[in-house]
Amino acid sequence: MKFNKLVLAAVVLGAQTVSSNLRADAATDQLDALKKQIEQLTEKVLILEKQATTAKIQQAPAVSLNTNGLAGVAADPRVEQLDQKVRILERQRELDLESAAEKAKQTPRVSLGANGFSVTSADSNFVFKVRGYVQADSRLFASDHVGSTANDTFLIRRARPILEGTLYEKYDFRVMTDFATGINSSAANNGFLQDAYLNARFLPEFQVQIGKMKEPVGLERLQSGANLLFVERGYPTQLVPNRDVGLQIQGDLFAGKLRYEAGVFNGVGDGASGDVDASDDEKDIAGRLFATPFKDSGTDALRGLGFGVAGTYGNQDGAGLVSKYKSPGQQQFFAYRSGAGTATAPNVVADGDHWRVSPQASYYWGPFGLFGEYVISDQRVRRDAGTSSFAHVQNTAWQVAASFILTGEEDSWKGFTPKNPFNPAKGGWGAWQLAARVGQFDVDNRVFSTSGSLADSATSASGATSWSVGLNWYFNKNVKLNFDYEQTDFTGGTSAFLKNSEKVFFTRAQVSF
Amino acid sequence: MNSFNFLKTASLALALASAAQAKDIKLLNVSYDPTRELYQEVNAAFAKSWKAKTGDTVTIQQSHGGAGKQARAVIDGLQADVVTLALAYDIDAIAEKARLFPADWQKRLPHNSAPYTSTIIFLVRKGNPKGIKDWDDLVKPGVSVITPNPKTSGGARWNYLAAWGYVLEKTGNDEAKARDFIAKLFKNVPVLDSGARGATTTFVQRGIGDVFISWENEAFLAVKEFGADKVEIIVPSVSILAEPPVTVVDKFAKKHGTEAVAKAYLEFLYSDAGQDIVGKHFYRPRSEKAAAKYANVFTKLKLFTIDEVFGGWQKAQKAHFNDGGVFDQIYKPQ
């Protein structure tokens, strides 16, 4: 009976150890230890049984053990009790795990990381996210630009907290405000409120978006301000609407290969935003089709090709619907006349049809990126100078921009994530990107007609051509630095400002999440 | 044909074609723990019958768990077309808290909307090593009893009330003795599962406990699945008549456009075919025909109803299972 006592003593010891120290977190370890002990005991028992058989000790009790517990210890109630205890502990552990898994299914998920802060309901039908980005810029102007009044400056270009989320699985919302330099709260164009809309995703192919949003026209305008290749957007953005209030239907067709957007909006001037239609009762319609036909192609070189066309049409009346145009250094190079409407002080206002059309394309292949767009903005305007005269003005702009990521990451329209975030101690230097751009703005020459000009030919240029090079350093997904040099030459105009080139060195430190 | 007539004819043809087109219908049946096998067979039979009758294909999805948990899920938004739960109280809770169907839902189908009955019996290990014969044996020292948690499981509430009712019957309605009995009984319960199926797993598959207080159908199923050489059924002298009810969840069925098929689905349970399936799965059929067919399966025993002993589910729930009730007072987790 010696080995039987040994077995019993060891099992009692093991079971007591487990039962006296049971805690949810430690239970698994204890059970594993107990199993191990039982396995060791099984081996010992087998050895002893063999010895007993050899010695013809017929009175030895029949004991069989296995790793699932003491399965058949011959009718010893204490061993049976211990066996039950072990089984109960195992089952309790099982139930605790089931309970924890069930609880996890019902517990909202909280996430804080590179994509900001978010809370998601257990069923994923409700999501609330806090995101945002801040851009701290500098603009340094070359001193040889005679006539320029711009100061070298540091500025906060954008400071935009974003609240967005989903309600009842299908209803997305987004509110983005801006507290950056120069933002104002005029009734017609409240710059504090950038986006405020609800998007009902009834189907991927059919969604309805209502509120203040970007009108679906300009390619670079539709790119997030946090993902821009250069510090300032190119000329085409100045001829397309910015944000406006309205209703838009949108969706992705053919497995996402064709995106469509069509909406009706209050209508804004070129490059402008609006919160309310303070000028007229007329509304603009805007639409865009953008195809990425090879997005699922097996040919890498084709997957990143996208192209499309966008446009607007509306009847616009009022002074607030004609625009001024700016150089990359944000200096005005063109403005319509804005006098009292007398013979000596003419005034120009929007009065009639305004249409825009913009073919556009983008292409990404590995670290290489390329995009371009062209915009025609055709607007009927009225010149009040005692008497009124009318003219159609057709301004155009284009740009082509290319980029290459030196560190090899795969580029995309929505940006990319550096493979090796900046951390010199670990040999990480972030991602580096080279960029170049050329663009042109052409003002309709009819603006400067000698009989009843719409703009002052001395202070307004008939065109501007810019080229730019840039180096972007992405520390990680959230932090980047931009270094751009951009030079602009103006055509037309007689002022010193327009006769000389604008040369600007931009920097930007951006944090986005 | 002028263009007006052409349009009219085309519209008519389109309408007829649409009407003739068979529909694919989905129903969600939120049920309690041990009914998986029952509804698998009911669903297949009903789908076949519905297809033959209407040409429509109906697919019934099942959700199972402790009845209390299941009711809570529907209250919280699980869009069941029908609920088939262990007890009327949980369905009442859905009507009261979520207002998804009228409070008098039990009047909508025969037998208070309970298409079958069952009761509570015991399952013991082969040979009945602890000599379990009746409820009194369950409170003896050293007897390990398996029953789920009455806070989450409808079956467990039936178990609890069956034991309580037994003591009242035996002692001439001595509530104090009943309370003492239940306290002793739960001292012998080493593990509380959240539902009846989990408790079956604990007893049969995990080998824990000497006796399992079980739904009658669940006990039969365990014997059938695991073999009479492993477990055997003990029928106590007295038990409770369990009447698991069913109802259409009007608001969700209307939303899904499934009102008619959901109603027909529940009515199917009362049909000859439905009642036969009920008996086959060890639930006690309501129809005389099916009851006669399966009469030899079920042992006769004295059954009391919840209305007779406890004054209905509302009172029983409030006194025993609500927070702070008798169960909370007597049960101390081990």
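Here is how names work: the chains are called A, B, and so on, in the same order as the sequence lines, proteins then strands, and each is numbered from 1. Heavy atoms only: backbone and side chains are in, while hydrogens, waters and symmetry mates are out.
Around NZ of A:Lys129, the count of heavy atoms belonging to other residues, nucleotides or ligands within 6.0 Å does not exceed 12. By the 6.0 Å contact criterion, CZ on A:Phe128 is enclosed, its count of non-hydrogen atoms from other residues, nucleotides or ligands being greater than 12. Around atom CZ of B:Arg36, more than 12 heavy atoms belonging to other residues, nucleotides or ligands sit under 6.0 Å away. Few gaps surround NZ on A:Lys257; more than 12 heavy atoms of other groups in view lie less than 6.0 Å from it.
Proximity to chain B (any heavy atom under 4.5 Å) is shown, for A:Ile88, by both the backbone and the side chain.
Here the rule is side chain to side chain contact (heavy atoms under 4.5 Å, CB included) with B:Thr202, and of A:Glu94, A:Gln92, A:Arg91 only A:Arg91 fits it.
The residue among B:Val191, B:Asp76, B:Leu192 with the most heavy atom pairs within less than 4.5 Å of chain A is B:Val191. Note: A:Gln84 leads A:Gln84, A:Gln81, A:Glu98 in heavy-atom pairs under 4.5 Å with chain B.
Counting all heavy atoms, side chain and backbone alike, A:Arg87 lies closest to B:Arg206 at NH1-O, 3.0 Å.
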